[in-house]
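Chain A is the first sequence line, chain B the second, and so forth, proteins listed ahead of strands; every chain is numbered from 1. Side chains are part of it too, since the values below use all heavy atoms of this structure and drop only hydrogens, waters and symmetry mates.
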Amino acid sequence: MDEDDEDFLETGGMKLTWPGESLTSSQDYMRGHGTYVDKEEVVASVSGLVERVNKLITVRAVRTRYNPEVGDLVVGRITEVQPRRWKVDGNSRQDAVLMLSSVNLPGGVQRRKLESDELQMRTFFEEGDLLVAEVQAFFGDGTMSLHTRSLSYGKLRNGQLVTVPPILVRRLKSHFISLPCGVDLILGLNGYIWVSKHVKENEREGEEAFDAEAVYSNQNDDIDDSTRMAISRVTNLIIILASRSIPLTDTILLDAYDWSLEQEGDVKDLLHEDASDALVTTILAKG
Amino acid sequence: MTIVLPGERAPARHVNLKLGPGLFQNSNASTSTGRAAPSIFATRAGTLNHSSNGSKWWIESNARRYVPAAQESVIGVVVQKQGEGFRLDIGTAHSANLDGLAFEGATKRNKPNLKVGSLIYGRISLAHKDMEPELECFDAQSRKSEGFGELKGGFLVRCSLRLCRQLLDPKYFLLPLLGSLFPLEIAVGLNGRVWISSQDAKRTIAIAQAIEAADPDAQGMDEDGIRTLLEDLGRK
Amino acid sequence: MTSASISKAEKSYIQAGLLTSPPRRADGRYLHDFRAIYLETGVAPLSNGSARLSIGRNPLDGSGGTEVLAAVKLEVENIEEQTLDGGRIACNVSCSPSAYPHLSSGALDDLQHDLTTVLHQTLSHPSLHPKNLGIIPRKKSWLLNLDLLVTAEAGNIYDALFLAARAALWDTKVPRTRSVEYKTPKTFLSASGDMDVDQDTRSGFDTRHVAHATDFELPDYWDEGEILEGRERWPVAVTLNLLHTVHFLDATLQEEASCASRLLVVYSHESPTAYTIQSMRMLGSDELSIPHLKKLIKEAEGFTRSMATSLTTKLEDEDFRRNQKAREKFGRRK
Amino acid sequence: MSADRLLLTLSDSSDSSDGHSRIEILNTGGYRSDGRRQYELRTISIDLSPQGSGADGSASLTHGLTQVNVCVFGPREAKMRSQTYHDRANVNIEVAIAAFSASERRKRGRGDKRILELSQTLKSTFEPVIQTSLYPRSQIDIYIQVLQQDGGLLQACVNATTLALANAGIPTYDFVCAVTGGVHSTSPLLDLTLLEENDLPNVTVAVMPRSGKITLVSMETRLHVDRFEEIFRLAGEAGKVIHREMRKAVKDRTEQLVASMQSVGRPSTGADVGDNEY
Amino acid sequence: MRPPSPSIPEKEFLFSALKQGLRLDGREFFETRPVTLTFGPELGWVECSLGQTRVLAQVDAKMIKPPPERPFEGVISIHSEISPMASSEFELGRPSEEEVTITRMLDKVIRRSDVVDKESLCILAGQRVWHLRLNVHCLSDSGNLLDCACLAGIVALKHFRRPDVEVIGEEVTVHHPTSRAPIPLSLHHNLYCFTFAFFSDTSIHPVLDPNHLEQRLNGGLISIALNAHRELCVVQKSGGVPLEPADVLRIVNVAVQKAKDLDVIVESRLREDWEGRKVEVR
């Protein structure tokens with residue numbers, strides 16, 4: 001064992017480790033993620049936090065690519081259109097796949113998939129389009145298979161994208177967040193965050209006829225100036241918080257937003273050194 | 001047994017003439033005597049052979065690059081899994097396709113789980129110069145495997161095409177000689193690959209060296225040569 | 001510069017923001033605002049002058065900006081017939097794949113080639129040529145190699161390249177040279193006897209009057225040399241991103257992908273009265289009417305002047321800071 | 001020769017423009033041309049803050065005046081599927097040496113054989129160390145940029161790549177720590193500068209500290225077998241000292257990230273259904 | 001298109017055979033394949049074969065004006081491009097990994113290690129020096145092209161003789177081999193390269209001079225170039241599976257012994273060839 005192993009690194013009683021560090025003997029512990037077994041010893045393979053759950057020992061890396069799980073909500077960008085499917089960049093180990101069969105087709109949820117649909121794939125999604133979807137299953141080699149079969153999923157518009165390390169997005173009950181300042185947030189678990197204009201409740205769920213053109217249109221609504229300012233402000237706040245690897249939850253974003261309103265400089269000054277430091281210290285203080 | 005070179009004329013004449021590999025019928029019969037003398041030319045160097053009644057003619061030559069022909073059994077290595085089928089490398093210009101269902105007792109649900117790199121002994125079901133060859137691992141009618149399918153364990157020897165044909169010829173000395181010394185399993189692919197297996201590694205190596213020594217491309221040893229080779233291998 | 005992948009919805013969102021009044025950009029900047037520029041000189045000790053410049057770097061963890069490393073290395077060059085007297089300048093831009101992770105190596109080479117052509121043609125123009133790059137007329141002169149390395153790209157690469165080039169050239173010191181003539185001293189000659197003997201008995205290394213110098217030496221090793229003559233003339237570039245009637249500066253990758261054309265104008269501001277256009281390029285697909293072009297050039301002159309002056313003051317601060325540090329270091333050593 | 005006797009001091013090595021007179025490699029007092037003792041390593045400075053455009057992990061490392069930046073992208077979708085493997089990730093390493101990195105300017109193109117050999121050596125060093133079997137069909141891109149050369153180029157590339165991989169959270173079996181060793185007549189030296197590398201027979205050795213096994217040995221100069229064995233063992237030991245320094249940098253970085261991630265309480269809305277499980 | 005890697009049965013068989021101490025061609029672990037050197041019509045032309053791996057090396061010399069920075073030294077240049085003739089894996093486009101390794105090793109073994117005394121190649125300082133060109137052609141690759149290429153290069157240099165040259169003042173006369181016997185190059189020492197292959201399963205014993213299949217399935221290679229007087233010139237384990245330090249040293253010592261044996265063979269073959277050749281010249 002390492003000589004400084006006795007004094008557990010007191011970051012909340014957690015033990016930190018790094019590749020090549022032997023944790024415990026493999027007789028009495030089962031190895032999980034981030035570890036491997038060598039000569040009856042469980043050894044860490046990544047640098048991060050050691051977690052012991054009764055007989056299972058895992059190491060959670062502090063920085064890693066998005067590791068998908070079924071049911072995760074992710075934001076992705078179409079990279080390629082292939083026969084009957086789209087390839088989607090989901091900030092993961094490989095591009096995800098969106099089958100034509102797992103997409104809502106214009107003209108109602110029950111509509112069967114026609115031959116002509118396969119020929120007009122680009123009318124639904126084309127290269128570069130952003131979408132929000134849910135991880136449905138995995139293929140043999142670990143590739144994600146996505147689906148957008150729900151009214152709240154589909155093509156994204158009226159806003160802009162921010163990328164943060166995936167580990168900062170905690171798993172919440174709902175990843176659709178509406179801030180009081182008229183800004184909607186979609187916190188993708190893969191670190192892609194969509195900041196957009198707030199869409200009122202009834203507009204989204206309550207639609208009777210499934211409006212075909214609206215779902216796949218690329219047209220943005222016209223957005224008034226105050227909403228645009230709010231979107232820029234939230235974007236800058238997310239960038240600052242992410243650079244100090246502060247996890248992004250709705251409470252933190254709300255506190256940050258209120259704090260930034262009190263500052264006299266306008267949105268672009270948030271990105272300057274002193275403003276960013278001040279924000280981070282206040283957030284950490286709240287704890 | 002006449003030796004012919006590419007471009008030479010072959011005296012093949014028969015009412016229903018069948019030309020094997022290496023012969024080419026020049027359709028615009030230059031001679032004015034019409035249909036009677038269509039000229040047959042050799043396109044490969046080798047020995048000219050014909051069947052007893054003179055209806056089938058072919059040229060026996062040697063090569064290392066295999067050109068696929070239908071109903072020939074070959075040994076392939078799985079290179080890629082593609083949908084339900086597999087892509088195999090059988091030493092030809094293009095890789096061959098093998099459908100996942102072309103196995104004995106294969107159904108939609110239970111398909112043979114072949115990994116990339118596994119060895120397959122199969123028969124060429126489709127061979128056409130403009131299309132990728134197709135393989136099957138069972139007899140289409142009887143749906144029995146008849147020895148085709150995945151080859152597990154053992155070792156693979158690469159040799160010239162002529163030796164493969166010779167190994168399949170009952171009159172050739174090598175297999176009976178090897179069989180008399182120790183028990184062995186062997187699968188000869190006409191694409192220059194021979195799969196061998198025996199109880200222990202020492203014997204399999206001896207068989208491999210015997211086959212490589214008997215190869216006309218290499219030393220081309222005769223029976224006595226192989227016998228002495230096997231004896232001193234046995235001693236070591 | 002390179003078309004980062006962007007969706008139609010994002011593009012129309014950005015364009016709408018630019019065309020409303022008052023115009024709004026993604027990070028809240030006004031049309032003519034620049035992101036924070038960070039500059040440091042003397043970053044490559046083995047070079048004769050160097051600078052690292054970044055635009056839009058996140059102050060907390062230093063990520064996400066456009067970053068260029070520029071260094072000048074001087075080489076002695078024998079003047080053959082075709083190379084002109086008085087020294088030569090060669091620029092070269094290389095793009096690190098870590099700045100363009102989505103580009104293939106072929107596309108990266110093309111990009112490097114384009115950037116190198118723009119930089120080289122502008123900076124090696126005779127109007128900017130420093131006078132103290134010659135060593136011995138018609139015999140030896142300095143070859144100034146300016147190497148620029150793009151280590152990260154987040155839009156507005158031309159402005160960053162020209163600013164970094166100007167900073168590195170500002171920081172360049174040309175080693176002082178003194179031409180020397182080799183004369184064989186009389187004592188040698190007496191041994192061979194048959195040469196016609198030269199009367200004076202001065203030392204072999206007569207450096208006072210130089211009729212025809214054959215070589216040069218570095219008189220004082222510790223003195224780093226003199227600055228490049230006319231270093232204020234080095235040009236500054238501004239990229240005007242055009243969207244119908246609107247033009248905006250310092251575009252991010254997403255903004256560059258949302259506007260169809262850009263106008264690159266490179267000005268040299270030697271003094272408030274003496275300023276010239278060194279090079280101009282139209283990039284992208286849209287056309288531009290002549291009156292609009294004239295108006296843009298006028299605006300570009302203003303932008304580049306303010307950029308040049310603020311860069312010069314920053315460079316002077318850097319010189320002061322580094323001399324201060326050097327003095328402390330020597331002070332500590334005694 | 002136990003590892004802890006190899007002291008690691010923060011001597012400020014003299015700047016490189018010392019005079020060109022014949023320099024003593026090791027003077028009578030046992031000091032080398034840059035003031036270090038025989039077994040003393042140069043100052044190591046490590047910076048793990050993010051570099052490049054959206055790199056997954058990056059590291060900037062200096063051994064004395066040799067400075068190398070490494071950016072790691074991946075495991076990610078491969079640009080060309082023909083290069084992918086069905087059962088593991090493809091490790092792709094590209095080395096670029098800045099023209100101004102050495103005292104004599106030299107522009108090395110992409111096809112330069114020395115650079116190809118360097119990236120090949122690094123690729124076959126790290127392929128067995130990275131757990132590539134976890135990421136079939138994907139690609140790990142490692143871009144190495146050499147900013148300044150003063151001896152120990154291969155050593156700096158290996159150590160910087162190890163740090164960048166750890167920083168990117170890519171699972172590896174262990175650190176790979178490299179160091180150069182040389183022999184001046186009979187006295188061995190460690191962590192050579194360019195001056196010493198050009199004059200002395202020298203060897204670069206990379207070791208995996210946990211098992212003490214050797215992953216890389218590279219020597220291009222003439223040396224007697226017995227001398228080789230001596231410096232080979234010594235370099236293996238010195239690798240462990242460098243490992244301590246690298247480990248400390250990774251530990252500090254991890255600590256800082258974990259601290260800021262832990263410092264903030266649980267979100268109020270809805271129960272947190274378990275962390276973003278790795 | 002990458003050549004298809006060996007099939008699973010071949011892999012499993014090779015590893016299980018090696019574990020029982022059996023190599024496919026019946027050799028011991030540290031036994032090289034038979035070395036045959038056939039010398040060509042002219043001097044400096046040798047075809048070296050290691051089992052079925054065959055490499056042709058050929059040396060020619062011409063007089064050039066030396067580069068200004070090194071007026072007293074001759075110049076040696078090596079041209080070694082592997083054509084697809086050796087095996088279908090090599091293509092003329094980007095150099096393959098093996099080709100880079102061979103080019104670099106030849107450079108280290110022949111140019112950097114001053115095997116050839118460059119000063120002896122100087123005819124007239126600053127004016128005329130000999131420029132030796134070593135051409136290496138890989139004829140067929142059945143494993144370990146590296147050792148074969150290095151051996152061919154070294155033996156070609158030892159076999160080559162340059163015409164005798166007489167210098168009076170500024171005037172240089174070159175004597176035709178028939179009038180004056182050509183002079184061999186002055187070589188400090190002969191360097192031989194030995195490549196060992198080891199496997200991901202480190203319980204398997206490393207093997208010297210890997211054949212085709214062993215080379216395709218290796219977990220790493222160690223190449224050691226050294227002369228017959230226990231002096232190492234190149235030691236290169238560029239990555240691959242990590243080994244115990246003791247194993248590396250053991251392999252180095254094996255190479256030392258092998259160098260002595262190979263040196264004897266090479267010297268005797270050269271003497272044999274020179275005897276035959278001398279008779280013709282009279």
Side-chain angles (χ1 to χ4, degrees), chain D residues 82-87 91 93 110-129 154 158 173-174 176 201 203-237 239, chain E residues 1-2 5 78 80 93-109 112-115 188-189 191 200 202 218-227 229-253 255-257 259:
Chain D
S82 61
Q83 281 177 346
T84 59
Y85 295 94
H86 72 286
D87 55 355
V91 177
I93 292 190
R110 196 182 297 281
D112 175 284
K113 286 279 188 344
R114 273 186 71 80
I115 289 192
L116 282 177
E117 184 190 37
L118 188 54
S119 46
Q120 247 171 243
T121 304
L122 290 166
K123 178 180 160 79
S124 54
T125 301
F126 282 100
E127 235 160 15
V129 173
L154 180 56
V158 167
Y173 288 111
D174 193 355
V176 182
V203 61
T204 305
V205 174
V207 69
M208 293 176 76
R210 198 176 97 77
S211 58
K213 288 193 172 180
I214 304 291
T215 66
L216 177 127
V217 184
S218 170
M219 179 171 86
E220 296 181 3
T221 48
R222 223 143 59 103
L223 186 61
H224 194 274
V225 174
D226 314 335
R227 294 274 79 73
F228 173 78
E229 268 174 36
E230 187 191 357
I231 189 64
F232 173 75
R233 275 190 216 293
L234 196 57
E237 292 305 315
Chain E
M1 225 289 282
R2 266 200 314 265
S5 52
I78 302 171
S80 64
R94 242 165 94 77
S96 69
E97 268 187 42
E98 174 119 29
E99 189 173 329
V100 171
T101 317
I102 289 180
T103 316
R104 289 294 302 145
M105 181 61 94
L106 281 173
D107 192 54
K108 290 172 198 163
V109 163
R112 274 206 167 50
S113 67
D114 57 53
V115 158
H188 291 314
H189 50 114
L191 281 180
S200 339
T202 46
N218 80 68
L221 296 171
I222 299 186
S223 296
I224 299 164
L226 68 166
N227 61 25
H229 327 302
R230 294 171 57 82
E231 271 180 337
L232 299 168
C233 171
V234 176
V235 176
Q236 195 165 315
K237 175 190 180 314
S238 52
V241 170
L243 291 179
E244 292 293 345
D247 293 345
V248 175
L249 293 176
R250 194 156 53 85
I251 286 176
V252 168
N253 289 318
V256 166
Q257 183 48 40

*Atom CD of D:Glu220 and atom CD of E:Gln236: how far apart are they, to the nearest 0.5 Å?*
7.0 Å
_Region of E:Val235 that comes under 4.5 Å of a non-hydrogen atom in chain D_ = both
*With a 4.5 Å heavy-atom cut-off, do D:Glu229 and E:Val252 have their side chains touching?*
no
*Could you give the distance from CG (D:Leu223) to CG (E:Leu232), rounded to the nearest 0.5 Å?*
6.5 Å
_Quick check for you: among D:Ile214, D:Val225, D:Leu122, D:Leu216, which has the greatest number of heavy-atom pairs under 4.5 Å with chain E?_
D:Ile214
*Select one option (side chain, backbone, both, neither) describing which atoms of D:Arg233 are under 4.5 Å from chain E's heavy atoms.*
side chain
*What residue, out of D:Lys113, D:Arg227, D:Gln120, has the most heavy-atom pairs lying under 4.5 Å from chain E?*
D:Gln120
*Can you measure from CD (D:Glu117) to CD (E:Glu97) and round to the nearest 0.5 angstrom?*
11.5 Å
*Minimum-distance pair of heavy atoms, taken over all atoms of D:Pro128 and E:Gly240*: CG-O, 3.5 Å
*Leading residue by heavy atom contact count with chain E [cutoff under 4.5 Å; candidates D:Gly212, D:Ser211, D:Ser124, D:Gly236]*: D:Ser124
_Euclidean distance, D:Met219 CE relative to E:Cys233 SG, rounded to 0.5 Å_ = 7.5 Å
*Under 4.5 Å from any heavy atom of chain D - which part of E:Arg230*: both
*Do E:Asp247 and D:Lys213 sit within salt-bridge range, that is, some charged N less than 4.0 Å from a carboxylate O?*
no
_Most contacts with chain D, counted as non-hydrogen pairs under 4.5 angstrom, among E:Val234, E:Leu226, E:Leu249_ = E:Leu249
*Decide yes or no for D:Arg222 and E:Asn227: does some side-chain heavy atom of the first lie under 4.5 Å from some side-chain heavy atom of the second?*
yes
*Which bit of E:Thr202 is near chain D, if near means a heavy-atom gap under 4.5 Å: side chain, backbone, both or neither?*
side chain
*Minimum heavy-atom separation for E:Ser238 to D:Thr125, with atom names?*
C-OG1, 4.3 Å
*Drop me the distance from D:Leu116's CG to E:Arg104's CZ, to the nearest 0.5 angstrom.*
10.0 Å
